[in-house]
Visitor: 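Before anything else, here's the structure in question.
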Amino acid sequence: MMKIFFFDIDGTLAMNKEVPESNMQALKSLKDKGYLTFICSGRAPFYASKLFGDLVSGYVCCNGRYILYNNEKLHGEAFNEEELKYYLDKIKKLDAGAMLVSDDKSYLFHANDKQKETLIKEYGENHIGDESLNHPFYTFDLLYTSLDQRDALIETFKDALVINDHGGHGSTDCSTINFDKGSAIKYLLEYFDIDINDSYAFGDGYNDQAMFREAGHKIAMGNAVDVLKEKATYITANIEYEGIMKALIHENVL
């Protein structure tokens with residue numbers, strides 16, 4: 001019987017770009033059993049695929065709005081011109097910035113020099129472009145310079161976005177309410193004709209609530225936020241204590 005697995009990256013599969021060996025082994029074991037495995041992240045496609053390559057079946061990136069399967073783009077939910085203008089006008093009004101994610105590159109909007117330097121260091125200069133709006137964009141990270149500014153962004157977009165802060169370090173990823181990680185899981189369950197009871201989602205953050213909405217088995221990491229744990233069908237150990245592997249054994253899939 002076919003099963004499908006969805007894994008968040010940061011705080012679930014990886015810590016600061018480092019993937020514990022037990023997590024790599026877990027992904028390999030699932031692949032060897034012939035199961036479908038998808039990275040399900042707010043990260044850009046080029047970032048996620050660099051970490052895991054062909055070890056997984058595909059990638060749900062941009063918090064659900066970009067789906068790759070077998071290295072091919074399966075689905076994309078790009079912002080239309082009106083949507084993009086709505087977000088960028090409000091971001092600029094708050095004197096904040098954004099990193100807009102396209103297919104193979106990100107473009108900075110209203111970012112200061114320090115923010116640009118930080119993002120180039122994290123993603124590589126070849127993946128960060130100068131300000132340009134002539135591309136399809138699937139998601140964006142918000143860039144802020146103070147916690148007050150971050151809170152103002154959260155309040156401004158409360159009806160449109162779930163904002164997942166990156167630890168108070170000046171950036172957040174954003175999950176759109178109209179199409180999120182859960183929407184992508186629903187799309188893939190229908191695409192592969194897989195029953196919801198054969199789907200498994202692993203996460204730790206606020207944006208992973210969307211995964212739990214559509215997956216049958218909802219596994220929260222021990223280091224997950226409380227609101228996600230409340231919605232979990234199982235709470236496993238922290239990422240650094242082989243939480244993924246322990247959960248897969250508990251679920252009787254390994």
Visitor: Counting C-beta onward and ignoring hydrogens, is there a side-chain heavy-atom pair between Leu36 and Leu188 closer than 4.5 Å?
Guide: no

Visitor: Using a 3.5 Å distance criterion without hydrogens, assess whether the side chain of His75 forms a donor-acceptor pair with backbone atoms of Tyr66.
Guide: no

Visitor: Just by modelled atom types, is the Ile4 backbone N or O under 3.5 Å from a matching donor or acceptor in the Ser199 side chain?
Guide: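 Side chain of Ser199 to backbone of Ile4: no pair is present.
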
Visitor: Report yes or no: do Leu161 and Phe109 belong to one cluster of Ile/Leu/Val/Met/Phe/Trp/Tyr joined by side chain heavy-atom distances under 4.5 Å?
Guide: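 As far as the 4.5 Å side-chain criterion goes, Phe109 and Leu161 are connected within one cluster.
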
Visitor: Give a yes or no answer on whether the side chain of Thr37 reaches the backbone of Ser57 with a donor-acceptor pair at less than 3.5 Å.
Guide: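 Answer holds: yes.
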
Visitor: Between Lys186 and Glu190, is there a side-chain heavy-atom distance shorter than 4.5 Å?
Guide: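 Glu190 vs Lys186: side chains touch.
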
Visitor: CD/Glu251 to CZ/Phe5 distance, rounded to the nearest 0.5 angstrom?
Guide: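 Here the rounded value is 8.5 Å.
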
Visitor: Using atom types as modelled and distance alone, determine if a side-chain donor or acceptor of Asn223 lies under 3.5 Å from a backbone N or O of Gly11.
Guide: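 Indeed, once roles are kept as given, a pair shorter than 3.5 Å links the two residues.
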
Visitor: Side-chain contact test, heavy atoms from C-beta onward, threshold under 4.5 Å: evaluate it for Thr156 versus Lys93 and give yes or no.
Guide: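 SC-SC contact between Thr156 and Lys93 ruled out.
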
Visitor: If only atom types and distance count, is the side chain of Gln149 paired as donor or acceptor with the main-chain N or O of Thr145 below 3.5 Å?
Guide: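 Yes; at least one donor-acceptor contact below 3.5 Å.
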
Visitor: Is there a ring-ring contact (aromatic ring centres under 6.0 Å, His included) between Phe79 and Tyr86? Walk through the geometry before answering.
Guide: CA-CA 10 Å; Phe79 295 118; Tyr86 165 80; over 10 Å; no

Visitor: What pairs with Asn134 under side chain to side chain contact (heavy atoms under 4.5 Å, CB included), at least two apart in sequence or on another chain?
Guide: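 Asn134: side chain to side chain contact (heavy atoms under 4.5 Å, CB included) contacts with Ser132.
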
Visitor: State, without any angle test, whether Tyr144 and Asp151 hold a side-chain donor-acceptor pair at a distance under 3.5 Å.
Guide: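 No - no donor-acceptor pair under 3.5 Å links their side chains.
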
Visitor: Would you call Glu117 and Lys114 a salt bridge, taking side-chain N to carboxylate O under 4.0 Å as the test?
Guide: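 No.
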
Visitor: For a side chain to side chain contact (heavy atoms under 4.5 Å, CB included) check, start with the C-alpha distance between Ile9 and Phe52, then their side-chain angles and the critical distance, and finish with the verdict.
Guide: CA-CA 10 Å; Ile9 297 179; Phe52 299 100; 4.1 Å; yes

Visitor: If we ignore angles and hydrogens, is there a donor and acceptor under 3.5 Å between the side chains of Asp32 and Ser29?
Guide: no

Visitor: Does any N or O in the side chain of Asn70 come within less than 3.5 Å of the main-chain N or O of Glu72, such that one atom is a donor and the other an acceptor?
Guide: no

Visitor: Check whether the side chains of Tyr206 and Asp165 place a donor and an acceptor atom closer than 3.5 Å, and report yes or no.
Guide: no

Visitor: Looking at Asn197 and Asp195, what are the two nearest heavy atoms and their distance?
Guide: N-OD1, 2.8 Å

Visitor: Please test Asp103 against Tyr138 for side chain to side chain contact (heavy atoms under 4.5 Å, CB included), starting from the C-alpha separation and ending with a verdict.
Guide: CA-CA 8 Å; Asp103 291 84; Tyr138 304 94; 3.2 Å; yes

Visitor: So, for Ala215 and Ile196, which heavy atoms are closest and what is the spacing to 0.1 Å?
Guide: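 Scanning both residues, the minimum pair turns out to be C-CG1, 3.9 Å.
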
Visitor: Counting C-beta onward and ignoring hydrogens, is there a side-chain heavy-atom pair between Ile91 and Phe140 closer than 4.5 Å?
Guide: yes

Visitor: Find the distance between CG (Leu119) and OG (Ser106) and round it off to the nearest 0.5 Å.
Guide: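 It comes to 8.0 Å.
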
Visitor: Are a donor atom and an acceptor atom from the side chains of Asn178 and Thr176 found within less than 3.5 Å of each other?
Guide: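 Yes, a side-chain donor-acceptor pair sits under 3.5 Å.
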
Visitor: Please give me the minimum heavy-atom distance between Thr139 and Gly42, naming the atom from each residue.
Guide: CG2-O, 4.4 Å

Visitor: Side chain to side chain contact (heavy atoms under 4.5 Å, CB included), that's the test. Do Asp141 and His166 meet it? Break it down for me.
Guide: CA-CA 10 Å; Asp141 282 8; His166 297 154; 3.6 Å; yes

Visitor: Would you give the length of the straight line joining atom CG of Asn126 to atom CG of Asp104, rounded to the nearest 0.5 angstrom?
Guide: 9.5 Å

Visitor: Tell me every residue that passes side chain to side chain contact (heavy atoms under 4.5 Å, CB included) with Asn23, counting only those two or more places apart in sequence or in another chain.
Guide: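 Partners of Asn23 under the side chain to side chain contact (heavy atoms under 4.5 Å, CB included) test: Leu13, Val19, Pro20, Ile239, Ile244.
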
Visitor: Check the hydrophobic clustering (I, L, V, M, F, W, Y; side-chain heavy atoms under 4.5 Å; chains of links allowed) and say if Phe38 and Met2 are grouped together.
Guide: yes

Visitor: Between Phe192 and Tyr69, does the ring centre distance come in under 6.0 Å?
Guide: yes

Visitor: Roughly how far apart are Ile177 CD1 and Phe157 CZ, rounded to 0.5 Å?
Guide: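 With rounding to 0.5 Å, CD1 (Ile177) is 11.5 Å from CZ (Phe157).
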
Visitor: For Asp173 and Asp10: C-alpha separation, side-chain torsions, deciding distance, then whether side chain to side chain contact (heavy atoms under 4.5 Å, CB included) applies.
Guide: CA-CA 11 Å; Asp173 61 76; Asp10 300 290; over 6 Å; no

Visitor: Quick check on the hydrophobic clustering: are Met15 and Ile39 connected, directly or via other members, by side-chain heavy-atom contacts under 4.5 Å?
Guide: yes

Visitor: Provide the closest heavy-atom pair for Ser102 versus His135 in the form atom of the first, atom of the second, distance.
Guide: OG-CB, 3.8 Å

Visitor: Are Leu84 and Leu100 side-chain neighbours, meaning at least one heavy-atom pair lies under 4.5 Å?
Guide: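 Touching, per the 4.5 Å side-chain cut-off.
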
Visitor: Is it the case that more than 12 heavy atoms not belonging to Lys85 sit under 6.0 Å from its NZ atom?
Guide: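 Not more than 12 within 6.0 Å, no.
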
Visitor: Consider only side-chain heavy atoms of I, L, V, M, F, W and Y, link residues closer than 4.5 Å, and tell whether Met245 and Met221 are in one cluster.
Guide: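 Yes: a chain of side-chain contacts under 4.5 Å links Met245 to Met221.
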
Visitor: Using every non-hydrogen atom in the two residues, find where Pro45 and Val101 come nearest and quote the distance to one decimal.
Guide: CD-CG1, 4.1 Å

Visitor: Please check this pair: side chain of Asp208 against backbone of Met211, looking for a donor-acceptor N/O pair closer than 3.5 Å.
Guide: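 Looks like no, no N/O pair under 3.5 Å.
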
Visitor: Tell me whether the guanidinium CZ or amine NZ of Arg43 lies under 6.0 angstrom from the six-membered ring centre of Tyr59 and within 45° of its axis.
Guide: no

Visitor: Do other residues, nucleotides or ligands put more than 12 heavy atoms under 6.0 Å from the NZ atom of Lys105?
Guide: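 More than 12 heavy atoms, drawn from other residues, nucleotides or ligands, come within 6.0 Å of this atom.
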
Visitor: Spell out, yes or no, whether Phe7 and Tyr234 are grouped together once hydrophobic residues are joined by side-chain heavy atoms under 4.5 Å, including indirect joins.
Guide: yes

Visitor: Angle between ring planes, Tyr123 versus Phe46, binned at 30° and 60°: parallel, tilted or perpendicular?
Guide: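 Rings of Tyr123 and Phe46: perpendicular, as their planes differ by over 60°.
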
Visitor: As an exercise, state the distance from CD1 of Ile163 to CZ of Arg150, rounded to the nearest 0.5 Å.
Guide: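 Those atoms lie 9.5 Å apart.
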
Visitor: Would you say that His250 contacts Ile219 through its side chain, given a criterion of any heavy-atom pair below 4.5 Å between the two side chains?
Guide: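 Sidechains of Ile219 and His250: no contact.
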
Visitor: Any sub-3.5 Å donor-acceptor pair from Lys3's side-chain atoms to Leu30's backbone N or O?
Guide: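 A pair under 3.5 Å: no.
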
Visitor: Counting N and O atoms only, with roles assigned by atom type, does the side chain of Lys116 sit under 3.5 Å from a partner on the main chain of Ile128, one being a donor and the other an acceptor?
Guide: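 No; judged by distance alone, with no hydrogens or angles, the pair does not exist.
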
Visitor: Quick one: salt bridge (Lys or Arg N to Asp or Glu O under 4.0 Å) pairs with a partner in residues 224-238, sequence neighbours left out?
Guide: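 For residues 224-238: none.
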
Visitor: Is there a side-chain contact between Leu254 and Lys33, using heavy atoms and a 4.5 Å cut-off?
Guide: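 Sidechains of Lys33 and Leu254: in contact.
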
Visitor: Shortest non-hydrogen contact from Lys31 to Leu55?
Guide: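 Taking Lys31 first and Leu55 second, the nearest heavy atoms are CD-O, 3.7 Å.
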
Visitor: Which class fits the ring pair Tyr200 and His217: parallel under 30°, tilted 30 to 60°, perpendicular over 60°?
Guide: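 Rings of Tyr200 and His217: parallel, under 30°.
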
Visitor: Hey, are the side chains of Tyr187 and Glu77 touching, using non-hydrogen atoms and a 4.5 Å cut-off?
Guide: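 Contact flag for Tyr187/Glu77 side chains = no.
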
Visitor: Between atom OG1 of Thr118 and atom CD of Gln115, what is the distance when rounded to the nearest 0.5 Å?
Guide: 7.5 Å

Visitor: More than 12 foreign heavy atoms under 6.0 Å from CG of Asp113: is that the case here?
Guide: no

Visitor: Please confirm whether the backbone N or O of Cys174 pairs with a side-chain atom of Asn63, one donor and one acceptor, at under 3.5 Å?
Guide: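 Yes, the answer is positive, given that a donor and an acceptor are paired below the 3.5 Å cut-off.
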
